[in-house]
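As the structure lists them, so they are numbered: ligands from 1, and atoms in each ligand from 1. Predicted model only: the values in this text are computed from it and were never measured.
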Amino acid sequence: MVTVTNLVLTSVLAGLGLGSALPPRIGTTNIGHGNGRATLNQVRRPNYRFNGARQVYKTYLKYGVPAPEELIQAVAHTDALNLAAAKRDTGSAAATPIDPRFDIAYVTPVTIGTPPQTLQLDLDTGSSDLWVFSSHTPASQVRGQRIYAPDKSTTSKLLNGHTWSITYGDGSGSRGNVYTDKFTIGGVTVKSQAIETAQQVSSSFTTEDAIDGLVGLGFSTLNTVSPNGQLTFFDNAKPNLDSPVFTADLKYMKPGTYDFGFIDKTKYTGEITYVPVETDPGYWTFTSSGYGVGSGTFSSSPITGIADTGTSLVYLPTAIVTAYYRQVQGATNSRSYGGYVFPCNSTLPAFVFGVGEAKFTIPPSYMSYAAVTDGSPTCFGGLQSSSGIGVNIWGDVALKAAFVVFNGEEPPTIGWANK
Ligand SMILES: CSc1ccc(CNCCO)cc1
């Protein structure tokens with residue numbers, strides 16, 4: 001057995017970045033008893049990542065056996081993987097329906113600033129502005145919402161001369177000025193996120209007291225901040241995420257989750273079907289492979305639309321919508337109620353849509369969205385026509401029937417799985 005002096009060994013190991021062979025440093029955890037005796041307590045190294053190849057390498061060195069080249073390569077390869085993996089974030093946050101009777105929207109707790117201010121925001125893949133009710137919002141327009149007060153945060157910075165203004169598909173809107181501050185969702189933090197503070201909100205936001213603002217998760221090209229557009233939370237967080245993804249697991253009349261940086265295999269069954277995303281102009285636009293009404297034949301016709309967590313219903317071409325409501329006793333397209341309605345006690349078929357070879361079924365319970373007014377015997381459909389909108393929208397009624405992966409790799413894709 002060949003012995004190698006400590007000095008040579010140390011220099012060889014150090015040269016290979018394999019750490020020192022010297023005993024642990026005398027630190028606060030070790031005790032000198034003053035009588036020539038000392039106690040060395042072992043300490044756990046934070047973020048230590050095991051490197052099996054290195055253990056083998058050390059054994060070769062210990063017995064003075066030259067290590068083969070491929071072993072040295074394996075040590076370096078594993079170190080590189082460990083280094084790359086060391087800096088990754090993941091997070092998970094609840095998505096809770098704002099109304100227990102029907103899923104008009106889902107809110108997620110976020111914290112902003114120092115000390116942290118908690119708001120409940122609507123994560124919206126159909127837009128790309130992160131805006132909040134704030135100390136700048138006129139009191140007459142605030143009705144129970146929680147607000148972000150930048151002046152109460154030691155880490156807020158005004159983004160001088162920048163403003164924003166947004167109008168949504170449903171006619172609601174808001175506008176204001178911009179700060180940057182620390183922003184966290186589900187344990188994933190962006191140190192300097194553009195926070196758009198509302199100086200004006202439309203009446204529908206004022207009356208929606210459970211929503212304190214939105215987190216746009218569309219592509220940053222849609223951001224309305226001027227003169228310089230700002231990045232979304234996802235674009236800012238992405239470089240530090242374990243994987244450049246976020247997932248939506250929305251549920252029917254109960255809380256679901258948004259996950260960032262990882263794909264939770266316990267949240268879906270079977271395989272995830274990924275399809276391409278068209279990022280122009282900035283929505284998660286994908287093409288569905290077709291649809292079916294109830295147990296009827298599946299029509300393999302491409303349907304291009306956007307995956308929009310911030311829209312409650314599904315909006316598809318009129319031909320598909322009429323094919324569906326033809327199967328519903330007493331259904332009409334009501335001008336007064338602004339869409340397809342039917343007697344709440346009607347028997348509804350399921351609605352099936354395809355993504356690639358996969359099929360997703362929206363159950364009848366999701367397709368009866370809500371009574372047109374409290375206690376009315378007339379119900380509003382979860383499927384409506386997109387003819388007046390100009391884009392097909394796969395909103396929450398469809399999203400909550402699946403586990404959806406918003407994959408921010410280049411090029412982006414979207415994945416759908418049953419659950
Ligand atoms: C008034 S509650 C409300 C919630 C979300 C939004 C944004 N999404 C709509 C279409 O993307 C608008 C209004």
Does even one non-hydrogen atom of Ser127 get within less than 4.0 Å of ligand 1? no
Which segment of Leu214 sits under 4.0 Å of ligand 1 when only heavy atoms are counted: side chain
Go through ligand 1 atom by atom and flag the ones less than 4.0 Å from a non-hydrogen atom of Ser172. 12 (C), 13 (C)
Ligand 1 atoms nearer than 4.0 angstrom to some heavy atom of Thr311 are 9 (C), 10 (C), 11 (O)
Are the side chain of Asp308 and the backbone of Gly126 linked by a donor-acceptor contact shorter than 3.5 Å? yes
Is it possible for you to check whether Lys400 lies under 6.0 Å from the centre of the six-membered ring of Tyr366, through NZ or CZ, and within 45° of that ring's axis? yes
Contact check: Asp170 vs ligand 1, nitrogen or oxygen atoms, below 3.5 angstrom: no
Does NZ or CZ of Lys359 come closer than 6.0 Å to the centre of the six-membered ring of Phe298, within 45° of the ring's axis? yes
Contacting atoms of ligand 1, where contact means under 4.0 angstrom from a heavy atom of Asp122: 4 (C), 5 (C)
Looking only at distances, can you tell me whether any N or O atom of Gly310, backbone or side chain, sits closer than 3.5 Å to an N or O atom of ligand 1? yes
Test ring pair (Phe, Tyr, Trp, His ring centres under 6.0 Å), reference Trp416, set Phe406, Tyr268, Phe353, output is Phe353
Identify, for atom 3 (C) of ligand 1, the protein heavy atom at the shortest distance, and state residue, atom and that distance. Phe205 CE2, 3.5 Å
Regarding Ser127 and Asp129, is there a side-chain donor-to-acceptor distance under 3.5 Å anywhere? no
Salt-bridge contact Arg54-Asp79 (side-chain N to carboxylate O under 4.0 Å): yes
